Amino acid sequence: MTERVVLAFSGGLDTSVAIPFLAEKMDAEVIAVAVDLGQGGEDMEAIQKRAMDCGAVESVVVDAKEEFAADFCLPALRANALYMDRYPLLSALSRPLIVKHLVSAAKQFGGTIVSHGCTGKGNDQVRFEAGLAALAPGLKVVAPARDFAWTRDKAIEYAEGRGLPIETSRKNPFSIDQNLWGRAIETGFLEDIWNGPTEDVYSYTADPSVAREPDEVVITFEEGVPVRLDGRALTPYQVIDELNTRAGAHGVGRVDMVEDRLVGIKSREVYEAPGAVALITAHMELENVTVERDLARFKRGVDQRWSELVYDGLWYSPLKRALDALIAEAQSHVSGDIRMTLHGGRATVTGRRSERSLYDFSLATYDTGDAFDQSLAKGFVQLFGLPSKIAAARDAKR
Ligand code: ARG
């Protein structure tokens with residue numbers, strides 16, 4: 001019986017060429033699976049049709065926008081997930097969800113092999129294959145761009161040689177990955193890390209240096225989940241989508257960094273993630289107001305580890321799951337409103353309000369009404385400094 005390959009299909013040049021290539025090389029039937037993660041751009045019907053025109057036997061489009069928002073972006077928000085303190089993990093979050101849908105397509109259509117278009121130099125191959133290993137260890141993997149050492153030129157030649165229905169002339173110098181949580185831009189002139197990104201690199205964000213009127217937004221959270229904008233109840237997808245537009249209009253969320261990839265390379269990455277950055281900024285501040293000090297301090301380390309695990313492709317791993325449980329517990333009081341101003345490339349918190357607040361005006365105030373007993377501080381400070389004092393005395397003697 002002919003084997004069936006389930007291909008993660010983006011509609012771009014590489015995965016389009018992969019359809020006839022895999023069919024021939026593996027003597028197999030190809031099932032194309034395109035997952036809508038709110039990436040915008042080309043409509044999904046055109047992508048579905050292209051897969052058939054390239055020779056797929058089945059072409060599936062999965063609308064996973066709300067699932068991506070609720071089950072992948074929001075957990076990242078609750079973890080304030082920023083790899084190396086800056087990258088909101090938009091690509092890293094999408095792969096485990098794509099894997100999930102590849103696995104269900106393999107079940108539905110009798111696939112035994114899974115295929116993706118990643119090269120051997122990136123993180124995404126790891127995320128696909130570590131995810132598959134956890135969810136469906138019986139499936140084989142083939143990655144044509146990596147395993148058969150493809151180049152872009154070869155792919156174009158192949159497409160033209162076979163008259164595949166794809167635009168091969170358009171010479172986009174960048175490798176781009178985008179979804180609801182943001183957009184990643186790499187390669188081209190950005191590979192010289194002294195070169196600054198030009199405005200045409202960006203599409204989710206406007207130039208923050210252009211003068212405009214600021215926008216003010218109130219974000220309401222319930223247990224770490226954003227549920228309302230300016231009082232309007234919205235789904236997770238709608239919250240992120242609206243903040244992408246509003247924060248993006250003020251150039252919020254641009255990141256230009258050199259990043260440590262899992263495969264050991266340092267790479268130049270430009271990101272724009274207006275909604276993600278605005279939401280993480282707001283969520284962090286609401287945690288500052290509602291999470292007890294020691295839990296908050298501990299959680300910062302957990303958040304960082306969570307981000308590294310997800311970056312490294314270990315979404316479906318025991319440690320990630322255990323950290324999720326701690327993070328969920330830590331969200332139980334993260335409810336309330338954050339008011340922020342979107343302006344000049346920044347989302348700035350200007351107000352907080354919460355029934356679960358630990359901020360106590362009468363303890364914090366320097367005005368009349370002070371309920372803090374300052375006489376208690378004197379002895380506390382002496383005991384608190386005692387270990388250092390004893391150690392310093394010992395050091396002075398030697
Ligand atoms: N460096 C980022 C990451 O590893 C972005 C990857 C973008 N992927 C792509 N195929 N362009 O998460």
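Predicted, not measured: the structure shown is a model, and the values here were computed from it. Counting convention: from 1, in listed order, for ligands and their atoms alike. These values consider heavy atoms only, across backbone and side chains, with no hydrogens, waters or symmetry-generated copies. If you read the sequence from its start, that first residue is 1, and numbering goes on from there.
- At least one donor-acceptor pair under 3.5 Å links the side chain of Arg254 to the backbone N or O of Ala206.
- Within the 4.0 Å heavy-atom criterion, neither part of Arg183 lies near ligand 1.
- Interface atoms of ligand 1 facing Asp177, defined by a heavy-atom separation under 4.0 Å, are 7 (C), 8 (N), 9 (C), 11 (N).
- Protein heavy atom closest to atom 5 (C) of ligand 1, with residue, atom name and distance, is Ser91 OG, 3.6 Å.
- Near Asn123, meaning under 4.0 Å from one of its heavy atoms, ligand 1 places the atoms 3 (C), 4 (O).
- Heavy atoms of Arg127 approach ligand 1 to within less than 4.0 angstrom.
- The side chain of Glu259, and not its backbone, has at least one atom closer than 4.0 Å to an atom of ligand 1 (non-hydrogen atoms only; side chain from C-beta on).
- Each of Pro236, Pro226, Pro88 was compared with Leu77 under the side-chain contact (heavy atoms from CB on, under 4.5 Å) criterion, and only Pro226 meets it.
- Checked against Pro274 for a side-chain contact (heavy atoms from CB on, under 4.5 Å), the options Thr205, Leu279, Ile240 give a single hit: Thr205.
- Atom 11 (N) of ligand 1 has as its closest protein heavy atom Ser175 OG, 3.0 Å.
- At least one heavy atom of Tyr87 sits under 4.0 Å from some atom of ligand 1.
- A cation-pi arrangement is found for Arg162 relative to Tyr158, the charged atom lying closer than 6.0 Å to the ring centre and inside a 45° cone about the ring normal.
- The side-chain tip of Arg228 does not point at the ring of Phe221 from less than 6.0 angstrom away and within 45° of straight on.
- The shortest N or O to N or O distance between Glu186 and ligand 1 is under 3.5 Å.
- Ligand 1 places these atoms under 4.0 Å from at least one heavy atom of Glu269: 1 (N), 2 (C), 5 (C).
- Under the 30°/60° scheme for interplanar angles, the aromatic rings of Tyr83 and Tyr87 are found to stand perpendicular.
- Ring orientation note: the planes of Phe21 and Trp150 are nearly perpendicular, at an angle over 60° on the 30°/60° scale.
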Requested in this report: Using the side-chain contact (heavy atoms from CB on, under 4.5 Å) rule, take Phe9 and Ile19 through it: C-alpha gap first, then chi angles, then the decisive distance, then the call.
Outcome: CA-CA 9 Å; Phe9 185 66; Ile19 294 173; 3.7 Å; yes
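- With a 4.0 Å cut-off on non-hydrogen atoms, Asp124 touches ligand 1 through its side chain and not its backbone.
- Under 4.0 angstrom from ligand 1, the non-hydrogen atoms of Tyr271 all belong to its side chain.
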